[in-house]
Amino acid sequence: MAHTLRAQLRDGGLLVAPGVYDGITARLAVQAGFETVYMTGACVSAARGYPDYGLLTLTEMAEAAGVIAAAAGVPVIADADTGYGNELNATRTVREYEMRGVAALHIEDQVMPKRCGHLDGKEVIGREEFAAKIAAAAAARRSPDFVVIARTDARAVAGLDEAVARANLALAAGADLAFVEAPQSLEEVAAIPQLVKGPCLLNVVPGGRTPDVTMAQAAEMGFRVAILPGLLITAAIGAFDAALAAFAESEFVHSSTGPNVRELFGRLGAPEWDRLRRRYAQAEE
């Protein structure tokens, strides 16, 4: 899948990846026509009942990445937080994600435990420490197609100039893309692809620090990848709340516009499993 992602990036234009956090969201995103998905660490944490405060371990995140990669069947760009430690931990992180079929990951320069890039209270490590961690991650990949993305959260701590400097340092250290998190105005968003000396990723978080940007605007500004981490989970939480409230009011399970049981299992691959069973059942006769 890393080879496929590389081809997608070479094709030009903007690659849009919705945020997924388990097998069903991965499948639904692909069925909707997306050719790449993004494993959002915030939503993987949320699915386990935690806020995005760096509470999940490498093992938990790598396991989630493997589930998503297997279910999606398309390239997965995955959140790898800080790489879960120093250069040695970043090395293992790349190996664990790559082994599970992930096509790309991003590693950031926050101090662990990290927190969501659109919250207050972040701290970042030194420039050289960040560059060393990215260099280790780039060297750890077994396939040259595996994509390493360097994320910097320095905008919130030290300003845009420092964030851009760190992005460029990380690209020089071996990163394939730069991810400057949480620019705070449309002017800053537009400036990033002009100031960063390599392809850039934009994190689209409605209600976050960054102003709302359409995909057409992001493409025109020169971004190569846009991730939409909250697209599915916010819709899901709204639907869950509505269904639970309706049941509490009526004590009746209402039909909805969603799939019935047969349709649900069909979207999760039941026909393929049925064909497999029939094949071997016939062989037994």
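Leu169 and Val111 are assigned to two separate hydrophobic clusters, defined by single-linkage of ILVMFWY side chains at heavy-atom distances under 4.5 Å. A single hydrophobic cluster is seen to contain both Val76 and Val148, as judged by linkage of ILVMFWY side chains at heavy-atom distances under 4.5 Å, directly or through other members. Under the 4.5 Å side-chain heavy-atom criterion for ILVMFWY residues, no single connected hydrophobic cluster contains both Val205 and Phe179. Grouping the Ile, Leu, Val, Met, Phe, Trp and Tyr side chains by contacts below 4.5 angstrom, directly or via other members, places Leu88 apart from Met112. Tyr84 and Met99 end up in different hydrophobic clusters when Ile, Leu, Val, Met, Phe, Trp and Tyr side chains are linked at under 4.5 Å.
Judged by distance alone, with hydrogens and angles left aside, the side-chain atoms of Arg27 form no donor-acceptor pair with the main-chain N or O of Ile68 at under 3.5 Å. A donor-acceptor pair under 3.5 Å is formed between the side chain of Thr210 and the backbone N or O of Pro183. For the pair Asn168 (side chain) and Lys197 (backbone), a donor-acceptor distance under 3.5 Å is present. A donor-acceptor pair under 3.5 Å links the side-chain atoms of Thr93 to the main chain of Gly83, judged by distance alone. In this structure, Arg151 contributes its side chain and Glu181 its backbone to no donor-acceptor pair below 3.5 Å. The main-chain N or O of Ala246 is never found under 3.5 Å from a side-chain atom of Glu249 such that the two would form a donor-acceptor pair. The backbone N or O of Ala154 lies less than 3.5 Å from no partner atom in the side chain of Lys122, so there is not a single donor-acceptor pair.
From Arg267, atom CZ reaches atom CG of Leu28 across 5.0 Å, with rounding to the nearest 0.5 Å. Taking CG of Leu58 as the start and CD of Glu63 as the end, the distance is 11.0 Å to the nearest 0.5 Å. Leu268 CG to Ile24 CD1: the interatomic distance, rounded to the nearest 0.5 Å, is 5.0 Å. In this structure, the separation between CG on Leu201 and CG on Leu177 is 6.5 Å, given to the nearest 0.5 Å. Gln217 contributes atom CD, which lies 11.0 Å from atom CZ of Phe223 (distance to the nearest 0.5 angstrom). Summarising the geometry, atom CG belonging to Asn86 is positioned 10.0 Å from atom OG1 belonging to Thr82; distances are rounded to the nearest 0.5 Å.
For CD of Glu87, the number of neighbouring non-hydrogen atoms (other residues, nucleotides, ligands) closer than 6.0 Å is greater than 12. Open room surrounds CD on Glu220; 12 or fewer heavy atoms of other groups in view lie less than 6.0 Å from it. Within a 6.0 Å sphere centred on CD of Gln31, heavy atoms belonging to other residues, nucleotides or ligands number more than 12.
In summary, Arg155 and Glu188 engage in a salt bridge, as defined by a charged side-chain N under 4.0 Å from a carboxylate O. A salt bridge links Glu162 with Arg127: the closest approach of a Lys/Arg side-chain nitrogen to an acidic carboxylate oxygen falls below 4.0 angstrom. Taking the charged nitrogens against the carboxylate oxygens, Arg279 and Asp274 have no contact shorter than 4.0 Å, which rules out a salt bridge.
Under the side-chain contact (heavy atoms from CB on, under 4.5 Å) test applied with Asp153, the options Arg166, Glu123, Gln110 reduce to a single match, Gln110.
When side chains are defined from C-beta on, Leu160 counts as touching Ile192, because their heavy atoms get closer than 4.5 Å. At a threshold of 4.5 Å between non-hydrogen side-chain atoms, the residues Pro229 and Asn203 count as touching. Looking only at side-chain heavy atoms (C-beta outward), Asp176 and Ile149 stay at 4.5 Å or farther from each other. Contact check for Met39 versus Tyr97: side-chain heavy atoms found under the 4.5 Å cut-off. Proximity of Leu5 to Leu15: side-chain heavy atoms (C-beta onward) are separated by under 4.5 Å at one or more points.
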Practice item. Could you go through the side chain to side chain contact (heavy atoms under 4.5 Å, CB included) check for Lys133 and Asn89 one step at a time? Key: CA-CA 9 Å; Lys133 192 180 293 191; Asn89 303 96; over 6 Å; no
Practice item. Could you give me the CA-CA distance, side-chain angles and deciding distance for Leu105 and Ile77, then say whether side chain to side chain contact (heavy atoms under 4.5 Å, CB included) is met? Key: CA-CA 5 Å; Leu105 56 66; Ile77 300 170; over 6 Å; no
Practice item. Evaluate side chain to side chain contact (heavy atoms under 4.5 Å, CB included) for Asp145 paired with Val147, printing each intermediate quantity in order. Key: CA-CA 6 Å; Asp145 287 328; Val147 176; over 6 Å; no
Exercise for review: Report the C-alpha separation of Met215 and Leu228 in whole Å, then their side-chain angles, then the decisive distance to 0.1 Å, and conclude whether the side chain to side chain contact (heavy atoms under 4.5 Å, CB included) test is met.
Suggested key: CA-CA 10 Å; Met215 297 301 97; Leu228 316 174; 4.0 Å; yes
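Taking the six-membered ring wherever Trp is involved, the centroid distance between the rings of Tyr38 and His106 falls below 6.0 Å.
Annotation for Glu60 and Leu55: closest pair OE1-O, 4.3 Å, computed over non-hydrogen atoms. A pairwise comparison of heavy atoms in Ala138 and Gly174 identifies CB-O, 3.7 Å as the closest pair. The nearest pair of heavy atoms linking Val102 to Ala104 is CG1-O, 3.0 Å. Residues Val180 and Ala163 come closest through the heavy atom pair CG1-CB, 3.9 Å. Residues Met1 and Val74 approach most closely at SD-C, 3.7 Å, considering heavy atoms. Closest of all the heavy-atom pairs between Val213 and Val204 is O-CG1, 4.4 Å.
With 3.5 Å as the limit, one finds no donor-acceptor pair spanning the side chains of Asp79 and Thr40. A side-chain donor from one of Thr36 and Gln8 sits under 3.5 Å from a side-chain acceptor of the other.
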